[in-house]
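The structure appears right after this line, and notes come after that.
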Amino acid sequence: MKLQRCHPHRLFLKPILTFHTKPKHLYCTSAIRDSDDKDSQFIVTLKNIVRGKQSWIIAFNDPFISNKLKPHHVEKVLLLTLDDSRLALRFFNFLGLHKNFNHSTMSFCILIHALANANLFWPASSLLQTLLLRGGVDPREVFEALHDCFKKCDFISSLGFDLLIQSYLQEKRMFDSVLIYRLMRQCELMPRVRTLGEVLNGLVKIRRVDMVLVLFGEIVSMGIRPDIYIYVAVIRSFCELKNFAKAKEMIQRMESSECDLNVVVYNVLIHGLCKNKRVWEAVEIKNGLIQKGLTASEVTYCTLVLGLCKVQEFEVGSGVIDEMIELGFVPTEAALSSLVEGLRRKGKVVDAFGLVTRVQKVGVMPSLFVYNALINSVCKDGKYDEAELLFKEMGEKGLCANDVTYSILIDSFCRRGELDKAIQFLGKMIVAGIKITVYPYNSLINGHCKLGEFECSGVFF
DNA sequence: GTAGGGTTAG
């Protein structure tokens, strides 16, 4: 029977049979039988209160009940209420909230399994989080408690353990989630494929791609068919290791299996190639998508733009931006920033300006960085009117000029000898509460010196 | 539940 639990696709064989042959509330008879007679009577009283129409507040205000009530009684009542896990949860919360009752770890575990078995994942996870927050609980201890309860109560599915793995992942405790997976395996339990995918992607996030590949090998050797999320984690791992041959091999494996495919898989490879300056290979992958019945996404295009910037192919990058706009995609500010910066540095200020104008039409808002970079470039080219136009435009768009913006403008005024205007802008900075750096002062000193007004320049020391 | 930047502008 235990072996059946090992395979995720067979997890539900036992439950379905059990469910129809044995009512849930009878699962825990052995646990109840252990109680002594006095306790048994008390538990029956408690059970009747929980299921009855009487007010719980009144019933539990009775000193006979409240003085006698201990965590192990609650455990028994919960076990007798497994057929209605919502009611069990209400009772558990009632005692916690209204009676400040200190529940046992066992009670938590019973409810977590009960709720998970009833597909009530949100309250089950919430309880798990509370349990984990109870302070200094070792993941092994939590697993032991959950497993102890699982065995004793003969619960249907092992979803409670999946939720434990997910709780650790949410808290960014990836190694603890792997530990729970390992402990499950030791007990011949297997998490769902979805949970495994989440663990692998969690490990990718902390760059433990070595662990991803080890776990993937284990999963496959157990005969489990990986889903697209597992493959994405593995492809990302191979890209991270710069092993593009293996990444491509993995995609081919997906293509020849019945696994669902989407553009994300290819975007991961495209990103890996771009990051390693293999952008032309990435472009070919993108061009081959149509043959596979897929279409490039906004992410595909933006990834390519950033990759093209990395190899200084700014003109091609601009072309990609135009292509995506034609297809109705909106470039990200990141793609725009990289391109503008690249074009500008190559002296192609007009192209950068034109690009900003085009993307603005489809709703992309250039960042303060883009504006400052452009203002700086047009100033250097002596196009002061354009600089002031950009400055005005920033204000209209609600972008607040910062110390860099002002220092660029003040410097440009000083260079053309318009010192009055420079001082006027310095005043604006002070009024706006922008931090004053050394740059505007240097510009003003240089400006005065240039005009031969050496005495004036001393004012700024 | 999986994909896209960054040691930027004076």
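In what follows, chains are A, B, ... by sequence order, proteins preceding strands, each numbered from 1.
- Residues F238(A) and F216(A) keep their aromatic ring centres 6.0 Å or farther apart.
- The side chain of N262(A) lies closest to dT2(B), out of dG4(B), dG10(B), dT2(B).
- With rounding to whole Å, L294(A) atom CG is found 13 Å from dA3(B) atom C1'.
- Out of dT2(B), dG4(B), dG10(B), the shortest distance to the side chain of C302(A) is found at dG4(B).
- Interface residues of residues 407-420 of chain A facing DNA chain B, ordered by number: S407(A), I408(A); criterion, heavy-atom separation under 4.0 Å.
- Relative to the side chain of T437(A), the nucleotides dG10(B), dG1(B), dG4(B) differ in distance, and dG10(B) lies closest.
- Nucleotide dT2(B) holds its C1' atom 15 Å from the CG atom of L196(A), rounded to whole Å.
- Nucleotide dG1(B) holds its C1' atom 10 Å from the CG atom of L169(A), rounded to whole Å.
- Between the CZ atom of F238(A) and the C1' atom of dT2(B) there is a distance of 17 Å, given to the nearest Å.
- The phosphate of dA3(B) (OP1 or OP2) has a side-chain N or O of R236(A) nearer than 4.0 angstrom.
- Nucleic acid contact for S297(A): base, since at least one base atom lies under 4.0 Å from a heavy atom of the residue.
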Pair R208(A)-D210(A), salt bridge (Lys or Arg N to Asp or Glu O under 4.0 Å): steps then yes or no | CA-CA 5 Å; R208(A) 287 308 303 264; D210(A) 53 332; 2.9 Å; yes
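- Heavy atoms from other residues, nucleotides or ligands lying under 6.0 Å from NZ of K346(A) number more than 12.
- Among dT8(B), dT2(B), dG10(B), the nucleotide with an atom closest to any side-chain atom of R345(A) is dT8(B).
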Would you please test E281(A) and K248(A) for salt bridge (Lys or Arg N to Asp or Glu O under 4.0 Å) and show each step?
-> CA-CA 12 Å; E281(A) 240 177 286; K248(A) 285 177 183 173; 2.8 Å; yes
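- Summarising the geometry, the separation between CG on L289(A) and C1' on dG4(B) is reported as 15 Å, rounded to the nearest angstrom.
- The side chain of E298(A) lies closest to dG4(B) when the candidates are dG4(B), dT2(B), dA3(B).
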Just the table, please: protein N/O against nucleotides 5-7 of chain B N/O, every pair under 3.5 Å.
residue	atom	partner	partner atom	Å
dG5(B)	OP1	H271(A)	NE2	2.9

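- A centroid separation of less than 6.0 Å is found between the aromatic rings of F161(A) and F143(A).
- For L304(A) against C274(A), the heavy-atom pair with the smallest separation is CD2-SG, 4.1 Å.
- Summarising the geometry, the separation between CZ on F329(A) and C1' on dA3(B) is reported as 13 Å, rounded to the nearest angstrom.
- Put simply, N267(A) has no side-chain N or O that comes within less than 4.0 Å of OP1 or OP2 on dG4(B).
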Y406(A) and F391(A): ring pair (Phe, Tyr, Trp, His ring centres under 6.0 Å), yes or no, with the steps?
-> CA-CA 9 Å; Y406(A) 277 99; F391(A) 181 72; 5.8 Å; yes
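- Residue E198(A) places its side chain closer to dG1(B) than to any other of dG1(B), dG4(B), dG10(B).
- Atom CE of M254(A) is separated from atom P of dT2(B) by 15 Å (rounded to the nearest Å).
- Note: F108(A) and F92(A) meet the aromatic proximity criterion, with ring centroids under 6.0 Å apart.
- Taking 3.5 Å as the limit, the base of dG10(B) and the side chain of N372(A) contain no donor-acceptor pair of atoms between them.
- Neither side chain, D84(A) nor T81(A), offers a donor N or O lying under 3.5 Å from an acceptor on the other.
- Closest contact between the side chain of V268(A) and the listed nucleotides dT2(B), dG10(B), dA3(B) involves dA3(B).
- Rounded to an integer number of Å, the gap from L390(A) CG to dG10(B) P is 15 Å.
- Under a 3.5 Å cut-off, the side chain of S337(A) and the backbone N or O of A334(A) do not form any donor-acceptor pair.
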